[in-house]
Enquirer: 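Here it is, the structure in full.
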2 protein chains.
Amino acid sequence: MRTLHERADVIPLIAEVFREFGFEGTSLSRITEKTALGKGSLYHFFPGGKEEMAGAVLAHVDAWFEREVFAPLRDDPPDVAIARMWRAVDDYFRSGRRVCLVGAFALDETRDRFAAVIAGYFTRWIAALRDALVRRGWEARAANDSAEEAVLGIQGALVLARAMRDDAVFGRALARLRARLA
Amino acid sequence: MRTLHERADVIPLIAEVFREFGFEGTSLSRITEKTALGKGSLYHFFPGGKEEMAGAVLAHVDAWFEREVFAPLRDDPPDVAIARMWRAVDDYFRSGRRVCLVGAFALDETRDRFAAVIAGYFTRWIAALRDALVRRGWEARAANDSAEEAVLGIQGALVLARAMRDDAVFGRALARLRARLA
DNA sequence: GATATCATGTACCAATCGGTACACTGCGTC
DNA sequence: GACGCAGTGTACCGATTGGTACATGATATC
């Protein structure tokens with residue numbers, strides 16, 4: 001049996017707030033509003049305050065991608081894993097309507113707070129995709145180039161889709177990138 | 001004869017602050033620190049306060065790209081203008097060490113404050129590049145696709161370069177994108 | 001049914017936020 | 001040399017910030 005809330009339940013809600021307002025733009029009052037949790041509960045779950053909340057959210061995102069994308073890329077047959085990656089990416093980012101928190105944090109001074117997690121997220125993604133391409137028979141250099149291009153293209157597509165309020169641009173970008181890895 | 005400072009002189013300094021800390025993370029005290037200008041002067045130049053400062057900075061960025069990139073793409077021979085664009089982009093973003101303010105603002109709720117400028121910046125960039133490709137003989141659909149891909153690739157490369165603290169990834173991305181437009 | 005722990009709401013804190021008011025200085029104009 | 005104004009510094013405002021303290025409520029264990 002469990003009480004009304006636990007740490008794990010509230011992390012996705014806090015993630016939404018950070019995604020919408022960024023690290024600096026996210027205030028405890030906004031988190032309180034979104035989660036319907038008072039400061040008492042929040043500091044009970046996250047004694048380190050706002051920084052620990054953001055860290056937990058980043059870890060949550062990282063774990064999701066590790067499980068749904070990176071690990072399959074490493075362990076499953078390349079074709080299967082890559083197809084799964086494109087599906088996961090389209091789902092996770094809601095076809096361009098949802099922002100990548102890691103990418104967003106990377107752009108301002110927030111990066112320095114979470115440098116290791118942020119760098120690790122992209123490094124592992126690219127490495128896993130590159131290795132999958134190599135296992136599929138690609139030459140190492142080409143594989144690394146294309147892996148980099150795919151990951152960076154997703155980030156760029158998210159920026160553009162949000163800037164222009166046009167999800168279609170995200171769909172087109174994903175289709176192009178997918179075709180290039182085929 | 002002029003006094004020590006005028007509006008035009010401080011805009012680039014304020015731009016650096018917004019680039020580093022984002023809109024929410026930029027406080028008047030940080031702007032004061034960077035510009036060595038008191039609130040008196042700042043509100044003399046920008047009566048609308050922080051929002052007007054950010055607006056002026058965005059307009060300044062927009063004007064730079066309009067002059068150095070978009071207009072040449074529209075008016076000059078396509079090959080010349082596109083070569084110039086790649087040079088301008090590499091210079092402006094300091095080979096990946098400088099962030100795109102418009103892209104950064106697009107990612108959080110700051111976008112809604114400056115929706116028109118932000119959307120316009122990317123829309124005009126893509127349109128100008130697409131038309132240059134068409135004038136060069138490309139088919140309309142392919143031209144639009146490639147223009148979108150180039151602009152989005154630049155944004156993604158900036159995110160990745162900052163996230164991984166690795167300028168080389170920006171250089172490689174630019175080379176790939178350039179080759180694809182050749 | 002007493003106890004310990006998890007979870008919660010409220011009151012409060014100093015510091016900082018964006019913004020305003022205003023007195024002042026230095027300069028060019030007449 | 002009086003005037004006007006662009007530019008400046010300082011003091012101040014209420015509101016909000018992230019964070020702390022603590023008393024209370026609920027729950028599971030024994």
Enquirer: To the nearest angstrom, how far is B:Phe45 atom CZ from D:dG7 atom C1'?
Expert: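 Checked: the CZ to C1' distance equals 6 Å.
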
Enquirer: In this structure, how many angstroms lie between the C1' atom of D:dT8 and the CZ atom of B:Arg7, rounded?
Expert: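 So the two atoms are 17 Å apart, to the nearest Å.
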
Enquirer: Nearest-Å distance, CG (A:Leu42) to C1' (D:dG18)?
Expert: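 Distance, rounded to whole Å: 12 Å.
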
Enquirer: Flag yes if B:Val102 and B:Val117 sit in one hydrophobic cluster, no otherwise; membership is Ile, Leu, Val, Met, Phe, Trp, Tyr, and two members link when side-chain heavy atoms are under 4.5 Å apart.
Expert: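 In one cluster with B:Val102: B:Val117, yes.
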
Enquirer: Under the criterion salt bridge (Lys or Arg N to Asp or Glu O under 4.0 Å), which of A:Asp166, A:Asp91, A:Asp167, A:Asp90 is the partner of A:Arg97?
Expert: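 Exactly one candidate clears the test, A:Asp167.
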
Enquirer: Reading nucleotides 11-25 of chain C from the 5' end, what letters show protein touch, with B for base, S for backbone sugar-phosphate only, - for no heavy atom under 4.0 Å?
Expert: ------SBBB-----

Enquirer: Given atom CD of A:Glu52 and atom C1' of D:dG18, what is their separation to the nearest angstrom?
Expert: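 Going from CD in A:Glu52 over to C1' in D:dG18 covers 14 Å.
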
Enquirer: Indicate if B:Ile82 and B:Val134 have the same hydrophobic cluster label, given that clusters are the connected sets of ILVMFWY residues with side-chain heavy-atom separations under 4.5 angstrom.
Expert: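 No.
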
Enquirer: Report yes or no: do A:Phe65 and A:Val80 belong to one cluster of Ile/Leu/Val/Met/Phe/Trp/Tyr joined by side chain heavy-atom distances under 4.5 Å?
Expert: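 The answer is no; the residues belong to distinct hydrophobic clusters.
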
Enquirer: Over 60° means perpendicular and under 30° means parallel, so tell me whether B:Phe122 and B:Trp125 are parallel, tilted or perpendicular.
Expert: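 Judged by the thresholds at 30° and 60°, the geometry between B:Phe122 and B:Trp125 is parallel.
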
Enquirer: Measuring to OP1 and OP2 of C:dT8, would you say a side-chain N or O of A:His44 lies under 4.0 angstrom away?
Expert: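 Answer is no, no contact under 4.0 Å.
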
Enquirer: For the pair B:Phe105 and B:Phe18, name the ring-plane relationship: parallel under 30°, tilted 30 to 60°, perpendicular over 60°.
Expert: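 Judged by the thresholds at 30° and 60°, the geometry between B:Phe105 and B:Phe18 is perpendicular.
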
